[in-house]
J.: 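Could you have a look at this structure, given as structure tokens, before my questions?
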Amino acid sequence: DAGITQSPRYKITETGRQVTLMCHQTWSHSYMFWYRQDLGHGLRLIYYSAAADITDKGEVPDGYVVSRSKTENFPLTLESATRSQTSVYFCASSEQGWTEAFFGQGTRLTVV
Amino acid sequence: DAKTTQPNSMESNEEEPVHLPCNHSTISGTDYIHWYRQLPSQGPEYVIHGLTSNVNNRMASLAIAEDRKSSTLILHRATLRDAAVYYCILRDVNDYKLSFGAGTTVTVRA
């Protein structure tokens with residue numbers, strides 16, 4: 001199916017563990033984004049990417065690592081999860097830098 | 001980054017139009033005006049975007065001031081399903097970043 005998908009949808013992990021959230025899009029969009037949204041708050045940009053092997057830090061990059069070896073995938077890794085990283089994570093993609101962005105369904109991550 | 005200012009909240013009656021204002025007085029010539037919305041417990045959803053001219057699509061209309069320092073999202077006939085947080089965002093073609101502010105929470109009364 002065409003679109004943007006995130007996996008897993010729900011994840012519970014322990015403090016200190018490494019966790020990778022996956023994002024896959026089927027449109028071959030150049031631009032991809034990762035956001036976090038804490039309960040009752042707005043979306044904050046973590047990292048974004050203009051193409052394979054090109055990534056930029058957003059507003060809250062600390063504690064996160066991204067890679068983009070293939071255009072269609074943009075995984076987000078929490079190197080050592082902390083309770084403050086409990087959040088809902090959204091991935092998005094857009095064809096150009098000014099065109100509409102499409103969002104995934106989100107991953108709800110709980111760090112205990 | 002060029003910033004936007006939106007009211008915190010707005011209320012509307014079902015089947016009436018909703019006009020959502022957005023001020024962006026520091027907009028640059030390379031900024032596109034984007035609108036997204038986020039329904040409860042869902043991811044953001046694209047609504048509309050434009051550069052200089054007014055735009056219409058099946059969801060809404062976007063009216064852009066002549067000086068581009070403000071814009072208005074128009075929902076022509078609000079339904080209960082339009083209750084959401086609406087975000088007005090400037091997207092620079094040279095930067096491609098897409099950053100969200102606080103948005104406007106729209107409540108629709110039956």
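Hydrogens, waters and symmetry mates play no part in the numbers below; they use all other heavy atoms, side chains included. Note on naming: letters A, B, ... go to the chains in the order of the sequence lines (proteins, then strands), and numbering restarts at 1 for each one.
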J.: What are the two closest non-hydrogen atoms of B:N54 and B:A63, and how far apart are they?
T.: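 For B:N54 versus B:A63, the nearest heavy atoms are OD1-CA, 3.2 Å.
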
J.: Given the options B:H49, B:E45, B:H34, which has more heavy-atom pairs under 4.5 Å with chain A than any of the others?
T.: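 Winner by heavy-atom pair count: B:H34.
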
J.: Relative to chain B, which segment of A:E59 carries a heavy atom at a distance below 4.5 Å: side chain, backbone, both, or neither?
T.: side chain

J.: So which part of A:L43 gets closer than 4.5 Å to some heavy atom of chain B, the side chain, the backbone, both or neither?
T.: both

J.: At a 4.5 Å cut-off on heavy atoms, which part of A:S30 comes close to chain B: side chain, backbone, both, or neither?
T.: neither

J.: For chain B, which of A:G42, A:A92, A:A50 has the most heavy-atom pairs under 4.5 Å?
T.: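 Option with the greatest count: A:A50.
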
J.: Taking the ring of B:Y46 and the ring of A:F103, is the distance between their centroids below 6.0 Å?
T.: no

J.: Among A:E79, A:K57, A:R36, find the residue that satisfies the side-chain hydrogen bond (donor to acceptor under 3.5 Å, both in side chains) test when tested with A:Y64.
T.: A:R36

J.: Under 4.0 Å between a Lys/Arg side-chain N and an Asp/Glu carboxylate O for B:R37 and B:D82?
T.: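 Looking at B:R37 and B:D82, the cut-off is met.
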
J.: Heavy-atom pairs under 4.5 Å with chain B are the metric here; pick the option from A:Q96, A:H41, A:Q37 that has the most.
T.: A:Q37

J.: Where on B:D92 is there a heavy atom nearer than 4.5 Å to chain A: the side chain, the backbone, both, or neither?
T.: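 Just its backbone gets close to chain A.
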
J.: Heavy-atom pairs under 4.5 Å with chain B: which of A:Y31, A:F90, A:W98, A:F102 has the most?
T.: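 Max contact count across the listed options: A:W98.
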
J.: Side chain of B:R68, backbone of B:L51: donor and acceptor closer than 3.5 Å?
T.: yes

J.: Report the residues that fulfil side chain to side chain donor-acceptor pair (under 3.5 Å) with B:E66, sequence neighbours left out, ordered by chain and then residue number.
T.: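 Side chain to side chain donor-acceptor pair (under 3.5 Å) list for B:E66, sorted by chain: empty.
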
J.: Less than 4.5 Å to any heavy atom of chain B: does that hold for the side chain of A:Y48, its backbone, both, or neither?
T.: both

J.: Got a sec, which residues hit side chain to side chain donor-acceptor pair (under 3.5 Å) with A:Q105, two or more places apart in sequence or on another chain?
T.: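 Side chain to side chain donor-acceptor pair (under 3.5 Å) check on A:Q105 returns nothing, list empty.
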
